[in-house]
Novice: 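Please find one structure pasted underneath; my questions will follow.
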Amino acid sequence: MRGHSHRAGRTARKRRQKRESSARSVSLCHQPQHVKLWKFLHHRGFSSTLLQPALFTGTTSYILIISLPESCLLTTSTVLHSYLGRYIKSWKPRLSPLLALCIFLVCERHRGEASDWFPYINVLPTVYTCPAYFSDDVMALLPASVRRRALEQREAVKEMHSTNQEFFRSLQPVLSQPTADVLTYEALRWAWFSVNTRTVFMSHASSSFLSGPDNYALAPFLDLLNHRPDVQVKAGFNDVTRCYEIRSVSGTLRYQQAFINYGSHDNQQLLLEYGFVTTANPHSVVYVDTGKPLQGDRSLTQKIKFLRENSFLHNLTVSSDGPSWRLMTALRLLSLPQTLYHQWKAVLLGQLVCEEREQWSVRMAKRLCQRLLQDTCSALDKVCAHVHEFNSVPVLEQLNVVKSLRQEERCILGSCLKALEESLRHNDSPLGAVN
């Protein structure tokens with residue numbers, strides 16, 4: 001009887017798990033925009049019945065693993081062979097491949113259903129959760145390093161828009177509305193992030209009509225695959241089959257979401273480039289500014305200058321395991337007095353310092369983590385307050401992604417502090433020796 005009861009319980013659990021697994025996803029095959037996209041791809045030579053697009057709870061988009069024919073890829077070759085080709089080919093100075101793709105996306109979206117690429121453009125996001133889209137209030141809640149890089153992205157798009165007005169005006173013959181109403185900053189920003197977040201790497205032969213390297217390819221359906229940092233895939237254009245192919249190294253279980261790997265990115269990079277963060281990301285770190293806690297050091301300016309000249313002021317981080325080698329090395333140099341200037345270079349090359357200087361460096365790393373943790377907790381409090389103030393869906397989505405980033409960084413800083421406290425208690429081997 002006991003054995004029979006055990007088997008019945010296991011069967012019930014399996015049935016429940018199957019129901020729960022099914023409940024986590026919603027098929028999108030029936031939705032009109034996806035039906036049109038499927039027909040669009042099928043007309044261009046794509047056929048696959050192995051996987052279907054679906055919306056999964058807790059993810060950023062949809063799923064699909066495919067071998068996509070070259071005819072389905074949107075590249076600069078597509079643009080140069082389109083109605084925009086003669087305008088781009090005759091223009092001097094030459095446009096960049098990125099700008100050519102952005103202009104094509106904006107013009108095709110303007111054409112609506114008259115566009116051959118409408119089925120694809122119609123399923124692209126209308127807005128993105130990348131920080132460059134954030135309102136100023138939400139932007140202020142980001143870590144300083146993310147905020148600085150997001151503002152750089154925003155300025156890059158603004159410069160692209162302002163410096164190409166003359167070319168935009170030359171496109172008036174192919175637009176049904178004034179170019180100023182079509183090729184706006186907001187439209188170009190949408191196109192820029194569509195390219196930045198969704199292109200796959202595909203090397204192309206350089207074109208005499210464009211300026212700069214061209215490694216972009218927009219891949220309908222393929223760009224719906226979600227990222228997971230522990231997934232192993234092989235991706236690239238197959239010159240034999242003339243298809244862009246993604247192959248899973250580890251395989252995918254039936255009825256489960258298929259993932260790919262965008263690269264070994266930390267959460268700040270994922271947020272900046274793709275508009276999301278992942279939980280338990282093994283690549284995630286928190287970036288550190290070493291200067292602020294050392295304002296009382298009279299030789300700080302000279303030390304910071306020395307670190308900058310030796311490219312040691314960037315990529316200073318802490319992880320859940322502790323401070324990085326670069327951070328601890330920079331702190332060891334900062335621990336040295338002006339009188340030991342002759343040792344500064346040797347320390348950057350890995351020379352150890354005395355026990356007293358090492359302990360100073362560990363204490364300073366702990367102080368930096370405490371300051372960052374305080375800043376992170378303060379930002380989380382402000383996020384929670386803002387959530388109750390705003391009813392706008394885009395702003396709430398922005399707040400949610402900031403909350404996710406800050407929560408992950410709070411966990412990292414908490415774990416790092418424990419490692420530093422343990423080191424100070426044991427007063428043993430140097431930190432950051434293997435980072």
Side-chain angles (χ1 to χ4, degrees), residues 131-132 139-140 142-156 263-273 283-354 357-376 379 405-406 408-409 412-413 416-417 419-420 423 430-435:
M139 182 81 83
L142 290 167
S145 55
V146 184
R147 188 165 61 247
R148 180 175 61 253
R149 292 161 69 189
L151 291 173
E152 289 172 357
Q153 284 184 335
R154 188 183 286 179
E155 287 305 312
S264 302
H265 302 309
D266 60 64
N267 273 338
Q268 289 196 10
Q269 187 73 12
L270 287 174
L271 179 58
L272 278 163
E273 302 298 337
H283 308 296
S284 269
V285 293
V286 178
Y287 291 83
V288 178
D289 176 6
T290 59
K292 290 183 179 179
L294 301 168
Q295 297 303 322
D297 186 346
R298 286 180 295 180
S299 60
L300 176 62
T301 300
Q302 186 176 359
K303 291 175 181 177
I304 294 296
K305 179 182 177 182
F306 186 82
L307 288 170
R308 183 179 294 109
E309 289 172 348
N310 288 273
S311 302
F312 248 87
L313 274 186
H314 67 279
N315 203 27
L316 303 177
T317 63
V318 300
S319 69
S320 297
D321 297 326
S324 67
W325 176 84
R326 287 180 63 85
L327 175 59
M328 288 307 301
T329 299
L331 290 174
R332 288 175 187 124
L333 184 141
L334 292 172
S335 74
L336 298 176
Q338 180 80 25
T339 53
L340 295 179
Y341 176 81
H342 60 283
Q343 294 184 13
W344 288 9
K345 187 68 174 181
V347 169
L348 290 189
L349 294 174
Q351 177 179 294
L352 298 179
V353 294
C354 67
R357 301 295 176 189
E358 181 67 23
Q359 290 304 298
W360 181 94
S361 302
V362 176
R363 289 194 299 272
M364 186 55 62
K366 179 181 176 181
R367 185 175 168 186
L368 287 166
C369 281
Q370 288 172 332
R371 178 178 62 82
L372 287 168
L373 184 58
Q374 183 179 14
D375 176 67
T376 299
L405 176 67
R406 288 292 196 171
E408 287 293 308
E409 296 197 345
I412 292 171
L413 291 166
C416 184
L417 277 171
L420 289 166
S423 176
L431 277 168
V434 296
N435 287 43

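Numbers here simply count residues along the sequence, with the first being 1.
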Novice: Are side-chain N/O atoms of Ser284 and Asn267 paired as donor and acceptor at under 3.5 Å?
Specialist: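 A pair is found: one side chain offers a donor N or O, the other an acceptor, under 3.5 Å apart.
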
Novice: Taking the side chain as every heavy atom from C-beta outward, state whether Arg332 and Gln351 have any atom pair closer than 4.5 Å.
Specialist: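 Of all side-chain heavy-atom pairs linking Gln351 with Arg332, none is under 4.5 Å.
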
Novice: Between the side chain of Arg326 and the main-chain N/O of Leu316, is any donor-acceptor distance below 3.5 Å?
Specialist: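 No, because the side chain of Arg326 does not come within donor-acceptor range (under 3.5 Å) of the backbone of Leu316.
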
Novice: Counting N and O atoms only, with roles assigned by atom type, does the side chain of Thr329 sit under 3.5 Å from a partner on the main chain of Trp325, one being a donor and the other an acceptor?
Specialist: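 Yes, because the side chain of Thr329 sits within donor-acceptor range (under 3.5 Å) of the backbone of Trp325.
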
Novice: Say you draw a straight line from CZ of Phe306 to CZ of Phe312; how long is it, rounded to the nearest 0.5 Å?
Specialist: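 So the gap between those two atoms works out to 10.0 Å.
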
Novice: If we only count heavy atoms from C-beta on, is the Leu331 to Val362 side-chain gap below 4.5 Å?
Specialist: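 Not in contact.
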
Novice: Is there a side-chain contact between Gln338 and Gln302, using heavy atoms and a 4.5 Å cut-off?
Specialist: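 Yes, their side chains come closer than 4.5 Å.
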
Novice: Quick check against the 3.5 Å criterion: does Lys366 have a side-chain atom that pairs as donor or acceptor with the backbone of Leu420?
Specialist: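 Absent.
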
Novice: Do Lys303 and Tyr341 have side-chain heavy atoms sitting under 4.5 Å apart?
Specialist: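 A side-chain contact is absent here, since even the closest heavy-atom pair is not under 4.5 Å.
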
Novice: To check you understand the geometry: which heavy-atom pair defines the closest contact between Pro143 and Arg406, and what is its length?
Specialist: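 Scanning both residues completely, I find the closest heavy atoms to be N-NH2, 3.3 Å.
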
Novice: For residues 148-156, which side-chain N or O atoms pair as donor and acceptor with protein atoms under 3.5 Å away, sequence neighbours left out?
Specialist:
residue	atom	partner	partner atom	Å
Arg149	NH2	Gln269	OE1	2.3
Arg154	NE	Ala132	O	3.4
Arg154	NH2	Ala132	O	3.4
Arg154	NH2	Phe134	O	2.9

Novice: Between Ser324 (side chain only) and Thr317 (backbone N and O only), is there a donor and an acceptor less than 3.5 Å apart?
Specialist: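 Yes: the side chain of Ser324 pairs with the backbone of Thr317.
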
Novice: Atom CD of residue position Gln374 - does it have more than 12 heavy atoms of other residues, nucleotides or ligands inside 6.0 Å?
Specialist: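 Open: at most 12 neighbouring heavy atoms sit under 6.0 Å from CD of Gln374.
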
